[in-house]
Amino acid sequence: MGLVKSILHFFIPPERTLLLTTFDQVQYYRMKDRLIAAGIRHRSKVDGGMREISRRAKYGGKMSSRYELFVSKEDECEALKVIQS
């Protein structure tokens, strides 16, 4: 059953809860490292990759990316404790 569950989680990931949104890359990596050290599984989403940054810079816009961290509902409470410490 464990193998089947792993395969299903790979193709159909469980519902995730947004844990953190930031525009600061240093803060993003700090929080990501804390989650990894605590053994909490998470997903990341980065909006505003190199194409968007170069497009904004060409027109005089601010070069920023949005970083988001997601965790499963079961790990949400523990993850909040980890990032607030």
Side-chain angles (χ1 to χ4, degrees):
M1 187 64 163
L3 178 64
V4 173
K5 189 175 181 181
S6 296
I7 292 171
L8 284 175
H9 279 287
F10 180 77
F11 289 108
I12 306 169
E15 188 176 337
R16 301 285 177 167
T17 303
L18 179 63
L19 181 69
L20 173 77
T21 301
T22 184
F23 292 95
D24 182 16
Q25 186 179 29
V26 174
Q27 182 185 17
Y28 165 73
Y29 280 112
R30 257 190 224 131
M31 297 304 138
K32 188 170 177 67
D33 287 341
R34 287 183 186 178
L35 292 173
I36 291 170
I40 298 173
R41 295 180 56 183
H42 61 281
R43 300 258 182 194
S44 300
K45 180 180 176 185
V46 179
D47 285 333
M50 291 305 295
R51 177 178 284 172
E52 290 299 318
I53 289 174
S54 62
R55 186 179 299 153
R56 287 186 205 134
K58 181 178 177 183
Y59 295 108
K62 185 177 180 184
M63 299 183 340
S64 63
S65 296
R66 183 176 70 205
Y67 303 94
E68 296 177 337
L69 288 171
F70 298 89
V71 295
S72 64
K73 289 217 182 258
E74 298 85 32
D75 295 332
E76 182 180 10
C77 185
E78 185 180 346
L80 285 171
K81 290 177 186 175
V82 168
I83 68 167
Q84 290 175 355
S85 62

* Can you name the side chain to side chain contact (heavy atoms under 4.5 Å, CB included) partners of Thr17, sequence neighbours left out? -> Lys73, Glu76

* **Pairing residues for Lys45 by the side chain to side chain contact (heavy atoms under 4.5 Å, CB included) criterion, not counting sequence neighbours** =>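 Checked Lys45 against side chain to side chain contact (heavy atoms under 4.5 Å, CB included); matches are Asp47, Glu68, Phe70.
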
* Would you name the heavy atoms of Arg34 and Val82 that are closest together and state the gap between them? => O-CG1, 3.6 Å

* **For the student: nearest non-hydrogen atoms of Val46 and Ser65, plus distance** => CG1-CB, 4.3 Å

* To do: May I ask whether Tyr29 and Met31 are part of the same hydrophobic cluster, defined by side-chain heavy atoms of I, L, V, M, F, W, Y residues being less than 4.5 angstrom apart, directly or through others?
  =>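 As far as the 4.5 Å side-chain criterion goes, Met31 and Tyr29 are connected within one cluster.
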
* **Same apolar cluster: Tyr28 and Leu80, side chain cutoff 4.5 Å** =>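 Tyr28 and Leu80: one cluster.
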
* To do: I would like to know whether Arg43 and Leu69 meet side chain to side chain contact (heavy atoms under 4.5 Å, CB included); could you show each step before the answer?
  => CA-CA 6 Å; Arg43 300 258 182 194; Leu69 288 171; over 6 Å; no

* Other than Ile36, which residues form its hydrophobic cluster under the rule that side-chain heavy atoms must be closer than 4.5 Å? ->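 Same cluster as Ile36: nobody, lone residue.
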
* Pick out which of Leu19, Leu35, Ile40 makes a side-chain contact (heavy atoms from CB on, under 4.5 Å) with Asp75. => Ile40

* Do Arg41 and Val71 come close enough that some side-chain heavy atom pair is under 4.5 Å? ->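 SC-SC contact between Arg41 and Val71 ruled out.
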
* Between Arg16 and Ser72, is any pair of side-chain heavy atoms under 4.5 Å apart? ->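 A side-chain contact under 4.5 Å exists here.
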
* To do: To the nearest 0.5 Å, tell me how far Arg66 CZ sits from Asp24 CG.
  =>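 Between atom CZ of Arg66 and atom CG of Asp24 there are 15.5 Å.
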
* **All side-chain hydrogen bond (donor to acceptor under 3.5 Å, both in side chains) counterparts of Lys32, not counting sequence neighbours** =>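 Result, side-chain hydrogen bond (donor to acceptor under 3.5 Å, both in side chains) vs Lys32: His42, Ser44.
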
* To do: Can you sort out the partners of Tyr67 under side-chain hydrogen bond (donor to acceptor under 3.5 Å, both in side chains), two or more places apart, ordered by chain and number?
  => none

